[in-house]
There are 2 protein chains.
Amino acid sequence: MPNIDPTQDRPDPEPKTLVEGAYQQLRRDIIAGVLAPGQKLRVEHLKDRYNVGAGTLREALLLLVTDTLVVTQGQRGFNVAPISIEDFKDITQTRVLLETEALRQSISLGGEDWEAAVVAAFHRLSRAEQRLNKEEDMLSDEWEMRNRIFHEALIAASPSRTLRHFQQILYQQAERYRRLSLFKQPISRDVHAEHQALFDAALSRDASLAASILRDHILRTLNAIEHMPADFFTGAPAHLDSGQLVT
Amino acid sequence: MPNIDPTQDRPDPEPKTLVEGAYQQLRRDIIAGVLAPGQKLRVEHLKDRYNVGAGTLREALLLLVTDTLVVTQGQRGFNVAPISIEDFKDITQTRVLLETEALRQSISLGGEDWEAAVVAAFHRLSRAEQRLNKEEDMLSDEWEMRNRIFHEALIAASPSRTLRHFQQILYQQAERYRRLSLFKQPISRDVHAEHQALFDAALSRDASLAASILRDHILRTLNAIEHMPADFFTGAPAHLDSGQLVT
DNA sequence: ATCCATTAAAATCTCGAGAAAAGATATTGA
DNA sequence: TCAATATCTTTTCTCGAGATTTTAATGGAT
């Protein structure tokens, strides 16, 4: 069987239970914008879409509440977390604080295993970015996954489980905003060059330089969104307006 | 009616649903050590203790997983999160990073409302600490709650919802370790003096000094635990060994 | 015409029973 | 006696129906 390594392109663990499976699907759909910000999440409608029971879907929803991707208040059901420019600013700045610190630790403590994992992740990301310029766009799931794995690999040698955990939460929050922004206005950045510089600095063990590059890299998306038209957060993504999930 | 303000001594919002109620109770019991680290959490036994249905308790347990107070893997049920010296070190250091940053922001941005809330919280904490030296000990729920509110009040003016959210998670993690350490060895610190210094620095708007005091304040508990007997994390708290919840 | 109270509808929250999986025990063979 | 297998018990996970609460609609009064 040619089943090399199914985990290479999947940062999420294989779901061991229906709740986990629904949780992961739901999370993907929220981050991808299939479920629009602020949208009401009715259990009765969603349970059919994800092929699970009502109770099971409820548990998955509850799990997303602590990830701050879903909000709930009392007995008024669930909604996709709303978005705002202030919220994204907060997420981005906090992410800079945590991710640069984790990167510094990782660079100073990482061994050969860490280096190898970073090299591999960067290689896979580069390949995806080559394809990107030709046919696909930045909404590609493949690119996003490899980008995510690259960022995680960079800080993987940080001994702080807490930092790595918070980084994951903030990354997926930021990813939601990044995707939303692409619907309105394509970006004009040489993302690959940024990744290349980050990679070089990390491998040469220049912690300060790497942290600086990472900071700029993260902040660049914030700048792009801050200069968008004022109605950015009011209107929904055009091609999703008639999505079959919107009830 | 003499119902002044029931929220003064309750940082948690009033539970609007059974799940929330069970969640808060469960969290308190885990932090307090009533449910010991690593202990198996059987739904069938716990649902009677907390007077809710099996499904409801399950949802509450799931909520605690994202707070990292409970762990679960596949279909093997739930356990109270285990503890370790490395874990506490990580929590403490990350807490220093986040809470000092939030404090700096809060000091530079806080207005009169923030000042008033800090003054009030400090006053209530001081009163509890006066009583403390006489009859009660540091395991007092009242003292803990007021300590928590004081720390939250200090950083309340930070515009970063994310920082405040992470601070809450880390605080409750640290609180679990602090309580556990008290069973083995009473502390010998003038905590009130530390709080007084922190309060003075914050109110005089000296962000650097306040951050420095806060850092030392948080790290001091880590130092205390690091110098404890080696069996600290193996043995359970003595007076809880025959708790009725241990099955 | 606007506002409030009452009523009807919809959705949510809660619960216990059945299905699936893990763990424990006993049995068989070497 | 030990190891491996098979069976049985226990625990967890899943599901749909009933009870509560919220939301919308209707009718009447100011």
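Each chain gets a letter, A, B and so on, in the order the sequences are listed, and its residues count up from 1.
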**OP:** Enter the distance from Tyr23(B):OH to Glu59(B):CD here, rounded to the nearest 0.5 Å.
**Re:** 13.5 Å
Subject >> Nearest-Å distance for atom pair CG/P, residues Leu63(B) and dC13(C) >> reply: 12 Å
Sort me out a list of protein N/O and nucleotides 12-17 of chain D N/O pairs below 3.5 Å, or just none if empty.
unit_1, atom_1, unit_2, atom_2, d
dC13(D), OP1, Gly74(B), O, 3.1
dC13(D), OP2, Arg58(B), NH1, 2.4
dC13(D), O5', Arg58(B), NH1, 3.3
dC13(D), O3', Thr17(A), OG1, 3.3
dT14(D), OP1, Thr17(A), OG1, 2.7
dT14(D), OP1, Leu18(A), N, 2.5
dT14(D), OP2, Thr17(A), OG1, 2.8
dC15(D), OP2, Gly53(A), N, 2.9
dC15(D), OP2, Thr56(A), OG1, 3.1

**OP:** Begin with the C-alpha distance, continue with both residues' side-chain angles, and end with the deciding distance and a verdict on side-chain contact (heavy atoms from CB on, under 4.5 Å) for Lys89(A) and Gln93(A).
**Re:** CA-CA 6 Å; Lys89(A) 197 173 166 189; Gln93(A) 290 174 344; 3.7 Å; yes
**OP:** Measure the spacing between CG of Leu62(A) and CG of Leu62(B) and express it to the nearest 0.5 Å.
**Re:** 7.0 Å
Subject >> Approximate separation, where rounding is to 0.5 Å, of Tyr177(B) OH and Ser84(B) OG >> reply: 5.0 Å
Original post:
Do the ring planes of Tyr171(B) and His151(B) sit parallel (below 30°), tilted (30 to 60°) or perpendicular (above 60°)?
Top reply: tilted
Subject >> Nucleotide dT22(D), atom P - distance to CG of Asn79(A) in whole Å >> reply: 15 Å
**OP:** Check the surroundings of atom CG in Asp48(A): do more than 12 heavy atoms from other residues, nucleotides or ligands lie under 6.0 Å from it?
**Re:** yes
Original post:
What does the inter-axis angle of the helix from dA1(C)-dT30(D) to dA30(C)-dT1(D) come out as, five pairs per end, nearest 10 degrees?
Top reply: 10°
**OP:** Hey, could you give me the CG/CG distance between Leu98(B) and Leu98(A), rounded to the nearest 0.5 Å?
**Re:** 5.5 Å
Original post:
Hey, does Arg161(B) have a side-chain heavy atom less than 4.5 Å from the side chain of Asp87(A)?
Top reply: yes
